[in-house]
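The shown structure was predicted, so the numbers you read here are calculated from the model rather than taken from an experiment.
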Amino acid sequence: MQARNTRRSRPAVRLWISALCAILSMSLVLTSAVWHPSQAAADEPRDRLQSMQEQFGHMYHDVLRQWQAEGLSAGTESFRIQATDYIAASDESGLAKGSYAGAGDVLIWRNDRDNWIEYEVEVPETGLYEMTVRYNHYRDESASGSSTYRPATFSIAVDGAFPFREARSIRFPRYFRDAMPLKVDRFGDHMRPQPIEVERWADLAVTDREDSYGVPLLWKLTEGTHTLRLQGFSSIVLDTIAFGPPEALPTYGEVLAGYPAANPSAGSEPIVIEAERMHEKNEVSIQILSDKDAFMTPKSDGATLFNGVGGNRWNDGGEQITWAFTVPEAGLYDIGLRVLNNLQSNVTSYRKLLIDGKVPFQEMLAFGIPYDNKWQRYILSNEERQPYAFYLEAGEHTLSMSVTYAPHKEVQVLLEQAIQQLGNVTSDVQMLTRGEDDPNRTWDIEDNFPEIPEQLRQIQEKLHTMSELWIANNGRKDNNYQSLRTAISDIQDLVDRPNQIPNKKDTLAIIQSKVASITNQLTKQPLALDQIVLVPHGSDFPRMTANLWEKATSGVMNFARSFSEENQLSDNEEGVLNVWMNYGRDYVNLLQELADQYFTPETGIPVKIDLLPREELLVLANATNKAPDVALGISEGKPSEFAFRNSAVDLSAFEGSEEFIENFAPGSMLPYYYDGGYYAVPETLQLKMLFYRKDILDQLGLGIPNTWHDVYEMLPTLQQNGYNFYIPTGEFLMFVYQNGADFYKEDGMRTGLDTPEGFTSFQQATELFSLYGIEQQVPSFYQHFRDGDMPIGIADLNTYLQLSVAAPELTGWWGMAPIPGYEGELGEVERWAGGNIGMLSQGLGGFGAGTPASGAAGQSSAMIMKKSSNPEWGWEFIRWWMSSQIQEQFGSELEGFYGAEFRWNTANAEAFVKLPWTPDELDPLLEQWRWYKSMVNVPGSYFIPRELNNAWNRTVVDGMNYRSSLERAVMNINRELIRKQSEFGYRDEAGNILETFGLPEVNRPWEGVDRYAD
């Protein structure tokens, strides 16, 4: 039977492989391994592109071409360094020579900060070499706290310089397997297994972090003595560092000619590998999946059974899965896959294949699986659709597939250059017009500013090349291709009418957005896999897709299953503690497992945890007397809303509450205070931190600002060099608290913003944008920070996760610090801030606001409902749930499911410090935790962020005097507070005060966190 392979993409892939292999076998000469800016092409504008190249070095893609142009040959000899023979180190206290995991004379490097070791290398002849490192991950069995799931990351410098940008971040993978057999929950559904680290020695042929070139990196070494430096913050055990000539990978034709003539008998049964039964994976974020397609194995029959792997949890470059299988008879085999590529419309997804750890021939460096919205059979075959034959000896083997986007590497390089040049043009036009459109002004751009249209023409040419490469490799037109073609057309309109360019800033922004939009689909290669099937060469593959009857039967089963108990909030059970959790299904299953394992045996209290799909349902359930006993994952402002309506339980009334509440930062308890009690406790926090680029600040001679005065002093230097500082638009809380103001008067009946301190805080929050040039609109601080044009700014821990996971090239080149503050009376810098970035949007305006499950900022909360039939049980459960042991275990296992991007930012400080933070990360986090302070909620408090936002717009956008604008906001806030106070009985009909709120005060940093600091 014929394979359903696309044919259009194969010639381009073949050309890419041929070009790559030609480079690997070149005979060239180069005098220096480090790119010098003077060597750049004369027609490339410097500006942002050149600045980026100077900061990070040129990409390996460009350096390799330069070596090719100047005639550098491949090395022919091999040599190695014993890791124990280092000549220098930044800190030798963490280094030890000894035995580890069966290997002797190895270097054990216990490292948790940014340190380096250095080696001396004797190179016998000048040439290009591959580097292979034999390593193992160090595991300190005596250390307390959670193990890390992150790979080790090191930079590698030669003679004090990085030969190319990718050398700044080399990934040393960890290897894991899923715990088997799979467990089932009370509904008969599979529960996600925990990852178990595979402890073994690995030989890493050094590639870039995402293996985006598909082959190992080459290192240019001249004859003689060199120094090699490894620098990073991970612990690792090193055996040897070896150098050798580039491996020549044969073509399929060459391999086929050398195969033995033997072939398995035609009647041999197919070898079927179930994809979810992974032997090994190199990222914990690679996850098995459940799909209800009629032909899946095992068939779900409406249940949630794990029967595949991947999808969007196997899409990043370098992510690799290995399966083990047994070959009963030696001979030639064909390989087929049952796959689903439907997540990116009309986009081909690429994989690299290895047999027993080796790529068998060039064509397996990257094979493309076309888009199809249904499961498909894909047979590994050539462009004539003739299946490739793989020779396998009888016995045990492994088959690995890894994500690659190597065929798109040229597009990625051009994309980066185009984005940087578009930034140049936008910046030039902005300076030219001073940010203002003047349709009455006459311009002569071609004569006076010819570099602007010239850069646009260069960008247009790059985009044209990108579109041609994309269609050749992808095999069909898609949204990415259309975005490029539209951008080309838009640029042509600008080039045809150059004198209109100054008034077309919006058009430039749209072009930039279109071009940048393809970045994610360029590097993400999602693919779901059900089975791998091997058959004797030339034999037919078994059927891999469902027929009409199977689809109909499966559809009926799935429809019936949709009415099952697990897919809806079930009725509360008598004699059981009913808990609703506003997170995902895996969170619910994990907590249910922990409760069954620990809580129920210890207390005798049975627990049933249900998924709360939407927070609004809690309001409806409470109104219909169907509320649970305990609600988890509730947004920060919601518990007080329930408390106002006598629908939540005061936790401070329980025995032991005072001691329990002391485990949390006092400022994090403020949102849950009402009428003398506390109606919830925080589960997670979003600490606000200062993020900074070490390399750029060093280049500018700037330090890390400690106070706002330091920020004001560094702004001219930043802005004069084309950079800026980032502050979230409409951020008021930190300015209010740091200036000694408050949102309320002492009794809570009116706002406290109409004080000298309140006016000062609002003045600062607005003048930074209107007077000091902080940008008002920044779509993504993370992206600007990554690109380098905003090398410093304030953001929450979501930015930390993004940088840690999605910006590997910056590893070691950025840091976190506490946010700036003002020096207090005792000489200590006061850094008050809450975690709620941007206009206090915490759902304070009543029911239906954002939740942790939907990505809301701020804290998530645990509370007991007033209508609970078992409030004492609920209290015991919350104390157990928020204990340091359970919070640490929950966070560690959650990170094991999905990787570091799912770091559980627990509000329990003792558990927080045991999660896999490095000391360089933990120290500033704990310092900022001391100054954590959110806002108290009172009836009508939702008007405060709303009116402050309006006041900010009037001042910054419309130019209104800051004092007049804030006075109007104060008047509106007080009017709403008084109205709500009358509604809830705090004032009589005449507006007289009957009762006050008596709000708590938090005016000293939390000392409770100090016990966990170094």
Taking [X] for the side chain and [Y] for the main chain, is one N or O donor matched with an acceptor at less than 3.5 Å?
X	Y	result
Asn974	Thr751	yes
Glu767	Tyr772	no
Thr729	Gln776	yes
Asn953	Val957	no
Asp958	Met960	no
Glu659	Gly656	no
Gln981	Met749	yes
Arg903	Ala900	no

When Gln763, Gln764, Glu757 are each screened for side chain to side chain donor-acceptor pair (under 3.5 Å) with Asn739, the one that passes is Gln764

Tell me yes or no: between the side chains of [X] and [Y], is some donor less than 3.5 Å from an acceptor?
X	Y	value
Tyr678	Ser657	no
Ser640	Asn937	yes
Asn908	Gln887	no
Glu910	Asn663	no

Using the side-chain contact (heavy atoms from CB on, under 4.5 Å) rule, take Arg879 and Phe654 through it: C-alpha gap first, then chi angles, then the decisive distance, then the call. CA-CA 11 Å; Arg879 289 208 298 178; Phe654 290 103; over 6 Å; no

Take Phe735 and Leu768 through the test side-chain contact (heavy atoms from CB on, under 4.5 Å) and record every step on the way to the result. CA-CA 11 Å; Phe735 296 119; Leu768 279 164; 3.6 Å; yes

Is there a side-chain contact between [X] and [Y] in this structure, where contact means two heavy atoms from C-beta onward sitting under 4.5 Å apart?
X	Y	result
Ser761	Gln738	no
Asn622	Arg645	no
Phe943	Arg979	no
Asp742	Thr755	no
Tyr800	Trp814	yes
Ser647	Val619	no
Glu989	Ser982	no
Met689	Pro924	yes

| What about the rings of Phe691 and Tyr726, do their centers lie closer together than 6.0 Å? | no

Going from [atom1] on [X] to [atom2] on [Y], what distance comes out if it is rounded to the nearest 0.5 angstrom?
X	Y	atom1	atom2	result
Thr717	Leu700	OG1	CG	7.5 Å
Arg786	Thr799	CZ	OG1	13.0 Å
Arg987	Thr996	CZ	OG1	10.5 Å
Asn582	Ser635	CG	OG	8.0 Å
Met734	Lys688	CE	NZ	5.5 Å
Gln928	Leu690	CD	CG	9.5 Å

May I ask you to decide if the ring planes of [X] and [Y] are parallel, tilted or perpendicular, using 30° and 60° as cut-offs?
X	Y	result
Trp952	Phe769	perpendicular
Phe912	Trp929	perpendicular
Tyr986	Phe997	tilted
Phe660	Trp875	perpendicular

ask   = Please walk me through it: do Phe642 and Tyr674 pass side-chain contact (heavy atoms from CB on, under 4.5 Å)?
value = CA-CA 10 Å; Phe642 281 104; Tyr674 176 66; over 6 Å; no

Result for ring-ring contact (aromatic ring centres under 6.0 Å, His included) between Tyr737 and one of Phe732, Phe743, Trp832 points to Phe743

Which of Trp880, Trp881, Tyr583 passes ring-ring contact (aromatic ring centres under 6.0 Å, His included) with Phe890? It is Trp881

Exercise: identify the closest heavy-atom pair between [X] and [Y]:
X	Y	answer
Leu670	Pro1000	CD2-CG, 3.7 Å
Gly773	Asn724	O-ND2, 2.8 Å
Ile792	Pro705	CD1-CD, 3.6 Å
Phe781	Met790	CE1-O, 3.8 Å
Val938	Gly748	CG2-O, 4.4 Å
Leu966	Gly758	CD2-O, 3.8 Å

* Mind running salt bridge (Lys or Arg N to Asp or Glu O under 4.0 Å) on Arg963 and Glu967 for me, showing each step along the way? => CA-CA 6 Å; Arg963 188 177 186 90; Glu967 285 174 345; 3.6 Å; yes

Is Asp789 salt-bridged to Arg693, going by a charged N under 4.0 Å from an acidic O?
-> no

Original post:
Do NZ/NE/NH1/NH2 and the carboxylate oxygens of Glu976 and Arg946 come within less than 4.0 Å?
Top reply: no

Practice problem: Quick one: do Met935 and Val736 satisfy side-chain contact (heavy atoms from CB on, under 4.5 Å)? Show the steps, please. | Solution: CA-CA 11 Å; Met935 189 179 83; Val736 170; over 6 Å; no

Contacts of Glu927 meeting side chain to side chain contact (heavy atoms under 4.5 Å, CB included) (sequence neighbours excluded), chain-then-number -> Pro818, Arg831, Arg930, Trp931

- Item | Within 6.0 angstrom of Arg968 CZ, more than 12 heavy atoms from elsewhere | no

| query | What do you reckon, is CD of Gln719 surrounded by more than 12 foreign heavy atoms closer than 6.0 Å? | reply | yes

Check the pair Gln859 / Ser668 against side-chain hydrogen bond (donor to acceptor under 3.5 Å, both in side chains), numbers first and verdict last.
CA-CA 8 Å; Gln859 306 169 189; Ser668 68; 4.9 Å; no

